[in-house]
2 protein chains.
Amino acid sequence: MSGRSEQIAATICEAILGHRLKPGAKLGERDLADIFRVSRIVIRQALIRLAEDGLVTVERNRGAFVAKPSLAEAIEVFETLTMVEQGVIAQLGNRPRMSLLTELRANIERQKAALGQGNEQLAGEFGLEFHDLLVSLTRNRVLIELHAQLKRRARLLESLYRCDFDHCQLCDEHEHLVALFDRRQWAKAQQLLDEHYRLVARGYRIEDEIVPSQPLHLAFNPPAPEKPAEESAGSKTAVIAARYRPNGKSSHRIKGDA
Amino acid sequence: MSGRSEQIAATICEAILGHRLKPGAKLGERDLADIFRVSRIVIRQALIRLAEDGLVTVERNRGAFVAKPSLAEAIEVFETLTMVEQGVIAQLGNRPRMSLLTELRANIERQKAALGQGNEQLAGEFGLEFHDLLVSLTRNRVLIELHAQLKRRARLLESLYRCDFDHCQLCDEHEHLVALFDRRQWAKAQQLLDEHYRLVARGYRIEDEIVPSQPLHLAFNPPAPEKPAEESAGSKTAVIAARYRPNGKSSHRIKGDA
DNA sequence: GAAGCAGGATTGGATATCAATTTATTTGGA
DNA sequence: TCCAAATAAATTGATATCCAATCCTGCTTC
């Protein structure tokens with residue numbers, strides 16, 4: 001279960017998905033070893049795990065970097081997510097697990113409530129959760145893990161491309177999707193899901209300037225207790241960040257070194 | 001070209017997929033290090049890669065073993081393959097790449113020819129290739145790699161459960177599938193694909209006695225002529241889950257040994 | 001025969017060291 | 001000054017050796 005390299009990989013993963021480490025950032029073995037108070041070998045093992053997961057790229061004799069997917073690859077990730085979930089919908093027809101649609105409906109209600117309060121961040125999280133729930137309906141752990149991996153790669157994209165979502169429409173489409181499930185119109189549901197992900201993908205725009213990630217030690221050591229220690233605001237990203245933070249709550253806790 | 005651990009992982013992977021290493025076989029670090037003439041650390045890194053890929057399980061303080069999926073997990077792997085390819089079919093509708101169906105047709109012809117010559121092994125390989133080609137139609141590398149990983153896990157199952165495929169029917173279904181593509185009957189095609197994979201899964205039977213894998217050094221140094229067919233065919237086989245076996249009729253029984 | 005203990009074997013990890021390669025710096029020249 | 005070659009520094013890939021923790025085995029003891 002434990003295993004130092006596994007924990008460290010998880011911590012680095014959180015830092016990447018939390019956008020505290022930006023794509024392209026160098027992940028030096030020595031630096032990480034010093035930060036985590038561990039030997040280089042453990043770091044290498046953690047980096048190998050992350051590379052197998054697609055979050056890190058290792059270039060021989062050059063080191064490891066946070067993955068920096070091209071726009072083409074980003075599109076492929078979303079298309080793959082689309083296809084996987086379309087496959088789930090196709091299977092839904094074979095399984096009379098319709099009782100579980102109540103979970104999807106409950107999620108939609110939660111998202112609506114969040115939107116009603118203007119909490120777009122929370123609404124966004126519920127929006128992601130909807131797709132998790134959809135996949136969970138299959139009760140297929142292999143698929144669920146696969147989907148989770150794809151979602152990690154998608155979250156990585158958020159820090160590379162600026163995103164701008166119309167949560168209201170996304171939520172409406174979720175509702176429409178469930179209605180189609182209810183009527184067992186699977187082909188239409190698949191078509192809608194495809195359009196849904198295209199809408200999501202349209203929310204991503206190329207960022208003309210990549211904000212460099214903060215120094216490594218700041219990415220892992222929880223910032224000062226009182227100071228949020230946000231990145232040096234310089235580009236439009238700061239504006240976007242503010243827009244997504246109506247209530248200013250962005251607590252991502254990190255397991256420091258043990 | 002890259003690191004030593006990557007090559008070694010590939011070699012071990014081949015040995016597993018070639019059924020020279022059976023599920024449950026112990027992969028001792030010291031033994032492998034001696035065989036490959038590298039340090040234990042390189043072996044550990046290779047084992048980590050394989051574990052991330054799902055072909056090896058690492059138990060803390062106990063060591064690494066060739067993965068030994070449960071029947072439930074085996075079913076999940078096939079269901080996941082089904083869903084991924086159903087998703088591909090759903091996408092096929094959006095892309096007018098129908099010209100590429102010729103590749104599928106060519107594959108079917110090759111398989112038919114192999115069947116005509118009674119070369120069931122070759123026919124089996126073409127049968128697998130069909131699904132690769134189907135996925136390749138998307139030109140989506142993320143999906144293709146994901147599908148390849150699932151296929152590796154499926155091939156691992158072949159050495160755990162005895163398999164008996166009716167290649168004639170499988171080939172017929174491929175042909176029927178392409179015909180449905182041609183008529184753009186995607187929903188029907190998805191349904192057929194589901195039945196197709198259920199037929200494949202029915203070909204797997206529980207082997208009550210696992211043949212132990214040969215010693216490690218023999219698995220990697222294939223000094224002997226290519227004669228790994230050392231199976232004691234005298235074991236009773238139990239019927240796989242009833243869910244996947246509504247009717248147990250099969251005309252062409254082939255030992256699926258790749 | 002069952003419980004429990006000691007010892008061996010194996011894994012997980014640390015440290016020190018070295019070669020190969022990349023990156024940075026300095027020097028040299030036009 | 002600016003570009004290019006040569007050299008120095010830093011980083012990675014890998015090895016060997018060592019040590020602690022854990023697991024397995026076999027033996028002893030009751």
Practice item. Report yes if a side-chain nitrogen or oxygen of B:Arg60 is closer than 4.0 Å to either non-bridging phosphate oxygen (OP1 or OP2) of C:dT11; otherwise report no. Key: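 No, no such contact exists.
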Practice item. Report yes if at least one side-chain N or O of B:Arg4 is closer than 4.0 Å to OP1 or OP2 of D:dG13; otherwise report no. Key: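 B:Arg4 to D:dG13 OP1/OP2: no side-chain N or O under 4.0 Å.
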To the nearest Å, give me how far apart [atom1] ([X]) and [atom2] ([N]) are.
X       : N      : atom1 : atom2 : answer
B:Arg44 : D:dA14 : CZ    : P     : 15 Å
B:Asn61 : D:dT22 : CG    : P     : 7 Å
B:Glu29 : D:dT17 : CD    : C1'   : 15 Å
B:Arg30 : C:dG12 : CZ    : C1'   : 13 Å
A:Ile41 : D:dA14 : CD1   : C1'   : 9 Å
A:Ile43 : C:dG12 : CD1   : C1'   : 15 Å
B:Lys26 : D:dC24 : NZ    : P     : 9 Å
A:Ile8  : C:dG12 : CD1   : P     : 15 Å

Review point. Is a donor-acceptor pair below 3.5 Å formed from side chain B:Arg40 to base C:dG12, judging by atom type as modelled?
Key: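 A donor-acceptor contact between them is present.
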Check your understanding: Testing B:Leu156, B:Leu55, B:Leu160 for side-chain contact (heavy atoms from CB on, under 4.5 Å) with B:Val66, which one passes?
Key ->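 The passing option is B:Leu156.
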Point to revise | Stepwise ring-ring contact (aromatic ring centres under 6.0 Å, His included) test for B:His196 and B:Phe78 | key: CA-CA 11 Å; B:His196 182 69; B:Phe78 279 108; over 10 Å; no
Review point. With respect to the side chain of B:Val38, which nucleotide from C:dT15, D:dT15, D:dC23 is positioned closest?
Key: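 It is D:dT15.
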Check your understanding: Salt bridge between A:Asp53 and A:Arg49, side-chain N to carboxylate O under 4.0 Å?
Key ->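 No, no charged N to carboxylate O under 4.0 Å.
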**Study point:** Sole residue of B:Glu52, B:Glu158, B:Glu145 in salt bridge (charged side-chain N to carboxylate O under 4.0 Å, His left out) with B:Arg152
**Key:**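 Answer to the salt bridge (charged side-chain N to carboxylate O under 4.0 Å, His left out) test with B:Arg152 among B:Glu52, B:Glu158, B:Glu145: B:Glu145.
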Check your understanding: Where each residue is assigned the nucleotide of DNA chain D containing its nearest heavy atom, which of B:Arg62 and A:Val58 is assigned the position nearer the 5′ end?
Key ->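 Of the two residues, A:Val58 wins.
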